[in-house]
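Below: one structure, written as structure tokens.
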Amino acid sequence: MATLYRTLSRRRCFHALTSLTRTYYSSPLHQYNKYISNLIRSGRLREARALFDSMKHRNAVTWNSMISGYVHRREIVKARQLFDEMPQRDIVSWNLIVSGYFSCRGSRFIEEGRKLFELMPQRDSVSWNTVISGYAKNGRMDQAMKLFNAMPERNVVSSNAVITGFLLNGNVDLAVGFFKTMPEHDSASLSALISGLVRNGELDMAAGILHEFGGDDKDNLVHAYNTLIAGYGQRGHVEEARRLFDEIPDDRGGGEKDQRRFRRNVVSWNSMMMSYVKVGDIVSARELFDRMVERDTCSWNTLISGYVQISNMDEASKLFREMPSPDVLSWNSIVSGFAQNGNLNLAKYFFEKMPHKNLISWNTMIAGYEKNEDYKGAARLFSQMRLEGEKPDKHTLSSVISVCTGLVDLYLGKQIHQLVTKIVLPDSPINNSLITMYSRCGAIVDACTVFNERKLYKDVITWNAMIGGYASHGLAAEALELFKLMKRLKIHPTYITFISVLNACAHAGLVEEGRIQFKSMVTDYGIEPRVEHFASLVDILGRQGQLKEAMDLINTMPFKPDKAVWGALLSACRVHNNVELAIVAADALIRLEPESSAPYVLLYNMYANLRQWEDAERVRVLMEEKNVKKQAGYSWVD
DNA sequence: GTAGGGTTAG
């Protein structure tokens, strides 16, 4: 007891301890076992182990609970150690250790699990099912089927594992065929088939199956319905979802509480609500929420996320305050809501008040800083995250790469690159942002390296990033060469590709090439030109001194010219000393951005160059009158 | 204490 006290008191395990002392003398072993399993269930594995180690008498259940704790955490080495130390293993211990090996990724583990399965002194249906589903989940359907056929007594659970396995590997037809030949289905068979079909995008087929076989077992049928409602909802097919929802008898009003009856449950309502939230129909979502008899945390969270989505933070935080027991998801939604709607202070306030943070909480807050262009804040939070021992994942790193881009911080960028290589393959889309980061930081060679490391799969964004990098470095020949290569490989360019291509032409003074590309974009690729493309074209013409053509283009383009368009023209006017057009462009720019000093400064310099001192002075006075402050280093063309 | 199925946050 004394050792137990010492080990536990250090681990702030006060509640477990007091109840334990209370029952210590009067309780048999199973009370201890219950404590261990409770600790494991609430994720307190180390405390469970301390208790386990301090126990004088243990039975198989004690050992098995501890092993199951490690198996759940995927700590297979520790589980195996206990398994080996265990004086008398029973069938549950064997099943646990086998399932532990099969739930670890990697063929080495699977082989070891199989070896243990072969060594088992006896097997029950759980042993067989563990190995079958283990193979199925790891894409080894050949082995799964072999064992399934070798099983002495098949049951529904093993068949269900086979269905899941086929569907995990995308074998929709095999799964449906297998389901139809099964001697009996239970509710889980139908649910497994429906959810697998949904995952494979076969929603209408799933609906057909549901209506054909749903009658066979009304027991727990609602699970399958819920899966399909959610499946339709997630794809924005709200009418189909609603039709299914309406097919389930209402759960309100009736007094009888027969769990087995086919009725809506809280998940049905939540899934239907989610479908409305997905399409932005907050009114219908709210209506359902108000009509529900039983709400769980997920119901509140779904509605909160709906209000967050439409940027109604007043209502979202009102619900958050009202809800009975907010969990980490609720907090994350609120933090995300404020961060995405530009209220970083409130986001930070809630982030710091959170009782528990998980990886997503950190990612949400870092992404919030990044979105609001507070790059320093994001970088600070990222280092705090690492200090607190939270491991970044690809979402974290993706935000932080953008942060490096924003800060133009090559030093931090290279560090992040190191981390990225540890967690993703060179073919991951996250490397696209590394290309952009490197080229924005002036390290075009590093950008090129990342680009070339993607050997197996480059998507359009990869190509766009690299072409854009070349273009912004003035390497027009390289940009155009890469663009040619991209087309040869039948990668379909996007409007972003053409912005870079046209920019490259502008830098290199390739007027004719620019015109050709612009035309090709519309006629060969059917891409609607955007205002950015016109800005590039104006830039191209302007740099060549074709100012009148540039002005004509501005007058005839189907958009209201933006600051990039006028900025390009104004720069060109300065280079070619065209004061009249410069005045037009500067005037337009000032109207678009009254607080910007750049047009004034440019005009002033032009007049000064032409030694028209009076006009120059007029511009300076005007600028003072409008109370525009001069800022250094500002340019529109980039 | 072990095998198969459902909803919410980056």
Side-chain angles (χ1 to χ4, degrees), chain A residues 33-34 36-37 40-41 59-69 71-72 90-100 102-103 124-134 136-137 155-165 186-196 198 220-231 233-234 265-275 277-278 296-306 308-309 327-337 339-340 358-368 370-371 393-396 398-399:
Chain A
N33 290 343
K34 254 182 162 170
I36 288 196
S37 84
I40 288 172
R41 248 203 307 269
N59 64 4
V61 175
T62 328
W63 286 90
N64 290 342
S65 306
M66 205 57 237
I67 293 175
S68 97
V71 165
H72 258 102
D90 64 5
I91 194 158
V92 175
S93 333
W94 283 93
N95 289 343
L96 271 165
I97 198 71
V98 170
S99 111
F102 272 93
S103 50
D124 62 3
S125 65
V126 176
S127 329
W128 285 94
N129 293 337
T130 305
V131 182
I132 291 171
S133 95
K137 277 182 191 159
N155 61 16
V156 207
V157 176
S158 38
S159 306
N160 294 349
V162 169
I163 293 181
T164 310
D186 69 356
S187 53
S189 331
L190 192 60
S191 282
L193 185 59
I194 298 294
S195 78
V198 166
N220 276 323
L221 182 60
V222 70
H223 279 229
Y225 266 86
N226 292 348
T227 313
L228 193 49
I229 291 173
Q234 241 141 21
N265 62 16
V266 67
V267 180
S268 326
W269 289 88
N270 290 349
S271 303
M272 194 58 233
M273 241 169 68
M274 181 273 292
S275 311
V277 163
K278 208 85 195 172
D296 63 4
T297 307
C298 183
S299 325
W300 290 86
N301 288 348
T302 304
L303 192 62
I304 288 176
S305 81
V308 164
Q309 226 177 76
D327 62 2
V328 92
L329 271 89
S330 333
W331 285 90
N332 287 347
S333 293
I334 291 296
V335 170
S336 155
Q340 296 301 315
N358 62 11
L359 179 58
I360 296 182
S361 322
W362 290 96
N363 289 350
T364 307
M365 197 61 225
I366 291 174
E370 192 266 319
K371 194 193 165 173
D393 68 351
K394 58 177 177 177
H395 296 281
T396 329
S398 159
S399 297

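Each chain gets a letter, A, B and so on, in the order its sequence line appears, and its residues count up from 1.
- Judged by distance alone, with hydrogens and angles left aside, Asn358(A) brings a side-chain donor or acceptor within reach of the base of dA9(B), the pair sitting under 3.5 Å.
- One interatomic measurement links the two molecules: CG of Asp186(A) to C1' of dA3(B), which rounds to 12 Å at whole-angstrom precision.
- Residue Ile194(A) contributes atom CD1, which lies 17 Å from atom C1' of dT7(B) at whole-angstrom precision.
- Listed for the Asn160(A) side chain is no donor-acceptor partner under 3.5 Å among the backbone atoms of Ile163(A).
- Taking every side-chain heavy atom of Lys137(A) into account, dG4(B) is the closest of dT2(B), dT8(B), dG4(B).
- Considering only the side chain of Val126(A), dT2(B) comes nearest among dT2(B), dA9(B), dT8(B).
- The interatomic distance linking His395(A) (NE2) with dG10(B) (C1') rounds to 6 Å, in whole Å.
- Residue Asp124(A) is classed as having no contact, given no heavy-atom separation below 4.0 Å to the nucleic acid.
- Among the heavy atoms of the strands, none lies under 4.0 Å from Gln309(A).
- The side chain of Ser333(A) has dA9(B) as its nearest neighbour among dT7(B), dG4(B), dA9(B).
- Of the candidate nucleotides dT8(B), dG6(B), dA3(B), dG6(B) has the atom lying nearest to any side-chain atom of Asn226(A).
- Among Val71(A), Val131(A), Val126(A), Asn129(A), the one residue that satisfies the side-chain contact (heavy atoms from CB on, under 4.5 Å) test with Ser99(A) is Val71(A).
- Looking at heavy atoms from C-beta onward, Ser268(A) lies in side-chain contact with Asn265(A) at the 4.5 angstrom threshold.
- A donor atom on one side chain and an acceptor atom on the other are found under 3.5 Å apart for Asp90(A) and Asn64(A).
- Among the nucleotides dG5(B), dA3(B), dT7(B), the one closest to any side-chain atom of His223(A) is dG5(B).
- Nearest to the side-chain atoms of Leu96(A) among the listed nucleotides dT7(B), dT2(B), dG6(B) stands dT2(B).
- Of the candidates dG4(B), dG6(B), dT8(B), the closest approach to any side-chain atom of Ser305(A) belongs to dT8(B).
- Counting only heavy atoms from C-beta outward, the side chains of Thr302(A) and Cys298(A) approach each other to under 4.5 Å.
- For dG10(B), the OP1/OP2 oxygens have no side-chain nitrogen or oxygen of Gln340(A) closer than 4.0 Å.
- In this entry the distance linking CG of Leu329(A) with P of dA9(B) reads 7 Å, nearest Å.
- Summarising the geometry, the separation between CD1 on Ile67(A) and P on dG1(B) is reported as 14 Å, rounded to the nearest angstrom.
- No engagement by Asn33(A) is indicated, since no non-hydrogen atom pair under 4.0 Å with the nucleic acid exists.
- Regarding His72(A), its NE2 atom lies at a distance of 12 Å from the C1' atom of dA3(B), rounded to whole Å.
- Distance, Gln234(A) CD to dG6(B) C1': 11 Å, rounded to whole Å.
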Under the criterion side-chain hydrogen bond (donor to acceptor under 3.5 Å, both in side chains), I'd like the reasoning laid out for Asn301(A) against Asp327(A): C-alpha separation, chi angles, the key distance, then a yes or no. CA-CA 9 Å; Asn301(A) 288 348; Asp327(A) 62 2; 3.1 Å; yes
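- Nearest to the side chain of Ala192(A), among dT7(B), dG10(B), dG5(B), sits dG5(B).
- Taking the side chain of Val92(A) as heavy atoms from C-beta on, and the options dG1(B), dG4(B), dA9(B), the nearest nucleotide is dG1(B).
- Within the 4.0 angstrom heavy-atom criterion, base atoms lie near Asp90(A).
- Look at NZ on Lys278(A): it is 10 Å from C1' on dT8(B), rounded to the nearest Å.
- Taking every side-chain heavy atom of Ser65(A) into account, dG1(B) is the closest of dT8(B), dG1(B), dT2(B).
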